There are 2 protein chains.
Amino acid sequence: MATGSDAKPKLGATKDRILTSTLALFNERAPDRVTTSEIARSVGINEGNLYYHFKTKEALVLALFKKFESEAVDLVQASARSTSTEIGVYSGFLRDWFSLVWNFRFLFRDLSALVASAPSLTEPIKAVSSGMQSAVRHMINQMMQAGFISVPEKEQEPLLANVWIVSTYWAVYLGLQEGVVNLKEEHLGWGLNQVSSLFRPYLSGEARDALDSMLNR
Amino acid sequence: MATGSDAKPKLGATKDRILTSTLALFNERAPDRVTTSEIARSVGINEGNLYYHFKTKEALVLALFKKFESEAVDLVQASARSTSTEIGVYSGFLRDWFSLVWNFRFLFRDLSALVASAPSLTEPIKAVSSGMQSAVRHMINQMMQAGFISVPEKEQEPLLANVWIVSTYWAVYLGLQEGVVNLKEEHLGWGLNQVSSLFRPYLSGEARDALDSMLNR
DNA sequence: GTCTATACCAAGATAGAC
DNA sequence: GTCTATCTTGGTATAGAC
């Protein structure tokens with residue numbers, strides 16, 4: 001995304017290539033079940049070289065989390081700035097967040113294991129999660145003011161929690177129940193629909209139509 | 001549940017004690033992060049002895065799953081037999097299933113990792129999951145006929161999937177977001193409320209009252 | 001059925017040549 | 001920066017005495 005001279009865009013710096021390969025592997029299987037030798041092989045370098053770039057396996061996890069974190073922060077900030085009452089904005093945010101979680105899904109597969117293997121992540125993870133919550137809360141409030149949605153006071157917090165839970169774990173369900181082994185991008189629509197259906201009962205007719213047209217895209 | 005003479009109920013046979021301790025440890029941390037030596041220590045026996053009773057670590061997982069499975073089957077069958085249109089039956093089933101998932105929560109923390117470490121579980125897990133789905137589907141149908149609930153045709157399947165997702169992963173959310181480290185039985189009510197709130201928008205006034213009184217117990 | 005001792009192995013990590 | 005070779009650790013599992 002900022003390589004001095006992009007004459008040979010085929011391969012980035014080794015460090016970047018390592019991160020790319022590692023992310024793919026971690027998304028496939030939990031980090032504990034991906035060995036450093038496997039990572040090295042998939043990058044096409046030697047294991048010793050891998051350790052030159054990242055002194056420990058945990059450093060890899062940390063580096064990947066940093067990338068996720070910065071993207072998440074961008075997203076939340078963008079949504080905080082937005083004051084548009086355009087209906088598409090809300091579904092757009094949902095879609096972006098959704099896609100981000102998907103790209104870094106290894107982080108969410110077993111959060112407690114993740115934190116156990118990299119304790120320094122405890123607070124950052126909590127922070128991102130809270131930030132996302134506030135963003136959704138903000139979004140819902142704006143939608144309520146615009147008359148797109150109407151959620152009884154007492155049901156708001158449970159709804160928020162469920163949005164978080166479903167947007168994080170729909171992929172696991174799909175993998176298990178439908179027997180989908182290698183989840184691909186096209187399954188993202190399924191998950192998006194699951195999260196949307198949490199909101200649907202509370203939507204106005206107009207908002208429901210907008211949501212449906214977004215889902216059909 | 002069928003011990004020849006129950007004169008000394010204080011301690012069961014070693015095999016049972018092993019399973020009890022192991023379940024507790026697995027619920028605390030993922031099986032991969034619980035060592036056999038730890039298990040032996042917590043049972044109060046030697047590691048060699050542990051291996052006498054269970055030849056491999058996987059055998060422990062399998063044995064625990066069997067217990068879960070049989071309880072799950074009982075539950076689903078009981079609900080299939082029931083033709084009562086008593087409102088409490090539905091919330092009762094939900095509560096039972098919920099408590100079962102809670103008792104064996106280690107099975108659900110990272111299903112893909114579980115299946116990877118014990119591939120023979122793939123089909124049984126899928127079967128239990130489907131069985132539970134049908135039970136909930138059956139339950140919803142009966143509730144609809146009794147006029148307690150009204151879910152539009154198109155929203156039924158997404159709702160079912162969300163019930164499964166939330167009833168399985170609420171504990172993870174709580175652990176992360178509220179900073180609850182050692183989840184205890186009292187948190188069960190919180191999770192039950194999350195699942196209930198998925199149904200709430202579709203309930204009749206009468207059913208909603210029944211649900212609320214169940215939740216307050 | 002329970003223990004002690006020990007083999008085995010895979011994975012993370014380091015040293016040092018190129 | 002990249003490689004080869006090697007060390008180290010800790011966890012699973014077995015042998016065999018009691």
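This structure is a prediction, so every number in the text was calculated from the model and none was measured. Lettering follows sequence order; numbering is per chain, from 1. As a basis for the values below, the full set of heavy atoms in this structure was taken, side chains included, without hydrogen atoms, waters or symmetry mates.
- In terms of phosphate contacts, Asn49(B) brings no side-chain nitrogen or oxygen within less than 4.0 Å of OP1 or OP2 of dG1(C).
- Between Tyr51(A) and dA13(C) there is a side-chain polar atom (N or O) within less than 4.0 angstrom of OP1 or OP2.
- In this structure a side-chain-to-backbone donor-acceptor pair under 3.5 Å is missing from Ser129(A) to Ile125(A).
- Note that the OG1 atom of Thr36(B) and the OH atom of Tyr51(B) stand 3.5 Å from one another [nearest 0.5 Å].
- Whole-Å rounding puts the Glu38(B) CD to dT12(D) P distance at 9 Å.
- In this entry the distance linking OH of Tyr52(A) with P of dC3(D) reads 13 Å, nearest Å.
- Atom CG of Asp32(A) and atom C1' of dA10(C) are 14 Å apart (whole Å).
- The existence of a salt bridge linking Glu157(B) and Arg137(B) is confirmed by a sub-4.0 Å separation between a basic side-chain nitrogen and an acidic carboxylate oxygen.
- Between Asp212(B) and Arg200(B) there is a salt bridge, with a side-chain nitrogen of the basic residue lying less than 4.0 Å from a carboxylate oxygen of the acidic one.
- Ile45(B) has its CD1 atom 7 Å from the P atom of dC3(C), to the nearest Å.
- The NZ atom of Lys57(B) sits 15 Å away from the P atom of dT14(D) (whole-angstrom rounding).
- Within the structure, every side-chain polar atom (N or O) of Asn46(A) is placed at least 4.0 Å from both OP1 and OP2 of dC3(D).
- A side-chain donor-acceptor contact under 3.5 Å links Tyr202(A) and Glu155(A).
- The shortest distance between the side-chain N/O atoms of Thr14(A) and the OP1/OP2 oxygens of dT2(D) is below 4.0 Å.
- Rounded to whole Å, the distance from CD on Glu47(A) to C1' on dA11(C) is 8 Å.
- Between His53(A) atom NE2 and dA13(C) atom P the separation is 16 Å, expressed in whole Å.
- Listed pair Lys55(A) / dG12(C) fails the phosphate criterion, with no side-chain N or O lying under 4.0 Å from OP1 or OP2.
- Here dT4(D) presents its P atom at 14 Å from CG of Leu50(A), a figure rounded to the nearest Å.
- Between Thr36(B) and dT12(D) there is a side-chain polar atom (N or O) within less than 4.0 angstrom of OP1 or OP2.
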